[in-house]
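Some notes on the structure that comes next.
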Amino acid sequence: MNENKHRHFIQRIIDEDNVTGKFDNRVQTRFPPEPNGHLHIGHAKAICLDFGIAKEYGGKCNLRFDDTNPIAEEEEYVDAIQEDVHWLGFEWDKLCFASDYFQQMHDYAVQLINQGDAYVCDLSADDIRQTRGTLKKPGKDSPFRKRSIEENVDLFKRMKNGEFPDGSRTLRARIDMAHPNLNMRDPVIYRIMHATHHNTGNNWCIYPMYDWAHGLEDSIENITHSLCTTEFEDHRPIYDWFLDRLDVYHPQQIEFARLNLSYTLMSKRKLKDLVNGGYVNGWDDPRMPTLSGMRRRGYVPRSIRKFMDEVGIAKRENVMEIAKLEAILRDELNKCAERRMAVLNPLKIIITNFDENNVEELDAINNPEDESAGSRKVPFSRELYIEQDDFMENPPKKFFRLAPGREVRLRYAYFITCNEVIKNEQDNIIELHCTYDPATKGGSAPDGRKVKATIHWVSANDSMNAEVRLYDRLFSVPNPATSKNFEDVINPDSLNILNECRLEPSLSKVEIGEHIQFERLGYFYKDPDSTTEKPVFNRTVPLRNTWAKLEKQQQSQNN
RNA sequence: UGGGGCGUCGUCUAAGGGUAGGACACCUGGUUUUGGUCCAGGCAGUUGGGGUUCGAAUCCCUGCGCCCCAGCCA
């Protein structure tokens, strides 16, 4: 197997641990999101890694909510995150909450105090910042650093009992205010917050900080390899310090580089701003890089997993091109999406030599990549719609489609020739008059003559109306994260809603949540906003389009 | 410039002392009833300088560049 050929650095570490027996050849991981927002494609990398490693080594992976900050967290996110992890295709061993361990963490904190390794500090947040020092200068000891163990125990108990207001006191680890790693300068491990927690209600008014809580959560759950992103590398010394002082089971933290995707934003805060600022229609807007947004856009989970396989695991900073993700998406959809015909911007054509009372049922293949998908009938009649883009009155070089006097093939139907262009008073083309060649039924000419283009179409009277939402990238620059203000780089054309689209009749049978290819246009997904009268389709990703590329090149040459 | 990380085709990622390989992107050409798919080919890379070695992307030294850290966020 060639998956085994390339082992990334984390697999190598685990392989080595399994040789030395460091964790008794056990592998246990966890995916630890904070329920303060929705999961995005960046999280998917961690999910695939955490669950993937566990599966590969025959271990377990927990889903653990790191819910240590009640004012940021909500039940809604807890539910959404579980749905997204499931959708991605993973099943956790245990569902855990950091808040389940609050009592245990508290008891460990008391132990720390009793060992002289923690103290209650009365400094304000501002004072703590002032005395922390800078990158170059050491910090200053808190005046409360030398409190007696008895006083610390008493004060901590009173903090817990709610005797003090928010922000008035903290519990701090007594490490080293001159430590070159700022995280080690007596970090706060408990703060006072009189806030209702989604899980523990009003049981607590002191809440543990990440650095204190995370290692304990890992330890309590018997995690072997605690995988996280590189910005936590500086925190590993505290992670280790706490576990060593407490003399408890000690997992190994390993850091890898987070995923960045071109033309998108990955910060939860900024994503939240996009939602709250009304720039998009909610967390599941198909333009969002959230898993719920991508699901609604029409991504299949397999494409995301495959993408993560190809992204790889390393420590260097990276920006994946969205084109790579889309290439994998197309590859997956090409195999499984049935083909149908839909006209997004209709142009009416009249087949002048076709009987107006006649409707023919023609055979169309459902998926050329999958014979088992079978075929269907498509009605053909005198009045049809074709795509406006498929006709040009004065075609440039290399435009192969319909033009005055030119013959093209209607997919699965007949060769037609355009004889007349009908315009309105404003000189806009409103209709084309064409003739068909009855001998070319099905699309092949008995005399062997060739046409340079095959275009899609629907029967005017036998087609149904639909709304189609064309999505494009949300940002107009490759790395919107570097702009001070994301508003400046938002793509004004990220959503284009088309209301007069015409669908071939068999499309009425498509269910919400199905993936379909509209021939020559792209892959589409039936949106939950659909009604029986008016279906709504989201464009997941367009097909590769060499003509569009040529057009673009010609345009830029003319400029 | 304190501490911690990281530098391989345009973008990701392999090669862990022995031919710098793959994918995406881009460019040719072929097949084609989707200007899709598929097929064939091409372009293109080791951060600079020293050193060790028969041999260095890899080991050592030394520059340079980029990222992270001064929340009672995670």
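Lettering of chains follows the sequences in order, A, B, ..., and the numbering in each one begins at 1.
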> Under 4.0 angstrom, heavy atoms only, what part of the nucleic acid is A/Tyr190 near: base, sugar-phosphate, or nothing?
Replying inline: nothing

When rounded to whole Å, the CD1 to P distance for the pair A/Ile313 and B/C12 reads 15 Å

task: Quick one: label A/Ser262 by what it contacts on the DNA or RNA (base, sugar-phosphate, nothing), any heavy atom closer than 4.0 Å.
output: nothing

Scanning all shown strands, the Watson-Crick or wobble mate of B/G2 with both distances under 3.5 Å is B/C69

Fill in: Pairwise C1' distance for B/G22 and B/C9, with rounding to whole Å
12 Å

When both distances are under 3.5 Å in a Watson-Crick or G-U wobble arrangement, the nucleotide paired with B/C38 is B/G30

Test salt bridge (Lys or Arg N to Asp or Glu O under 4.0 Å), reference A/Glu519, set A/Arg340, A/Arg339, A/Arg411, output is A/Arg411

Would you indicate what A/Thr170 reaches in the nucleic acid, counting non-hydrogen atoms under 4.0 angstrom: base, sugar-phosphate, or nothing?
-> base

Checking N1-N3 plus N6-O4 or O6-N4 for Watson-Crick, or N1-O2 and O6-N3 for wobble, each under 3.5 Å, the partner of B/U53 is none

Its glycosidic angle compared against 90° from 0, B/G71 adopts the form syn

Indicate, with a heavy-atom threshold strictly under 4.0 Å, whether A/Phe399 touches base, sugar-phosphate, or nothing.
-> base

Can you tabulate the close N/O pairs, meaning under 3.5 Å, that link protein atoms to atoms of nucleotides 26-28 of chain B?
unit_1: B/C26; atom_1: OP1; unit_2: A/Lys549; atom_2: NZ; d: 3.1
unit_1: B/C27; atom_1: OP1; unit_2: A/Gln553; atom_2: NE2; d: 3.0

Checklist entry - Mind checking whether A/Leu543 and A/Gln517 have side chains closer than 4.5 Å, heavy atoms only? => result yes

Of A/Ile192 and A/Phe9, the one whose nearest nucleotide on RNA chain B sits closer to the 5' end is A/Phe9

Q) By centroid distance (under 5.5 Å) and plane angle (under 30°), are A/Trp547 and B/G35 in a stacked arrangement? A) yes

Original post:
If you measure from the P atom in B/G21 to the same atom in B/G41, how many Å do you get, rounded?
Top reply: 15 Å

Checklist entry - Between A/Tyr190 and A/Phe156, does the ring centroid distance fall short of 6.0 Å? => result yes

Problem set entry | A/Asp437/A/Arg449 ion pair, N-O < 4.0 Å | yes

Scanning all shown strands, the Watson-Crick or wobble mate of B/G7 with both distances under 3.5 Å is B/C64

Next on the checklist: Using the rule given for side-chain hydrogen bond (donor to acceptor under 3.5 Å, both in side chains), can you reason through A/Thr230 versus A/Arg258, listing the C-alpha separation, both sets of side-chain angles and the distance that settles it, and then say yes or no?
Outcome noted: CA-CA 7 Å; A/Thr230 49; A/Arg258 68 191 319 158; over 6 Å; no

Considering only heavy side-chain atoms of A/Leu135, the closest of B/A23, B/A70, B/U13 is B/A70

The answer to which of A/Leu550 and A/Lys136 contacts RNA chain B further toward the 5' end, by nearest nucleotide, is A/Lys136

Which is true for A/Arg129 with a 4.0 Å heavy-atom rule: it touches a base, it touches only sugar-phosphate, or it touches nothing?
-> sugar-phosphate

How is A/Glu519 classified with respect to the nucleic acid when contacts are heavy atoms under 4.0 Å: base, sugar-phosphate, or nothing? base

Would you tell me if any nitrogen or oxygen in the side chain of A/Arg191 comes within less than 4.0 Å of OP1 or OP2 on B/A74? yes

Could you measure between the two C1' atoms, the one in B/G65 and the one in B/C26, and give it in whole Å? 27 Å

Side-chain (A/Arg158) to main-chain (A/Glu163) donor-acceptor, under 3.5 angstrom: no

> Do the side chains of A/Arg147 and A/Asp122 get nearer than 4.5 Å, heavy atoms only?
Replying inline: yes

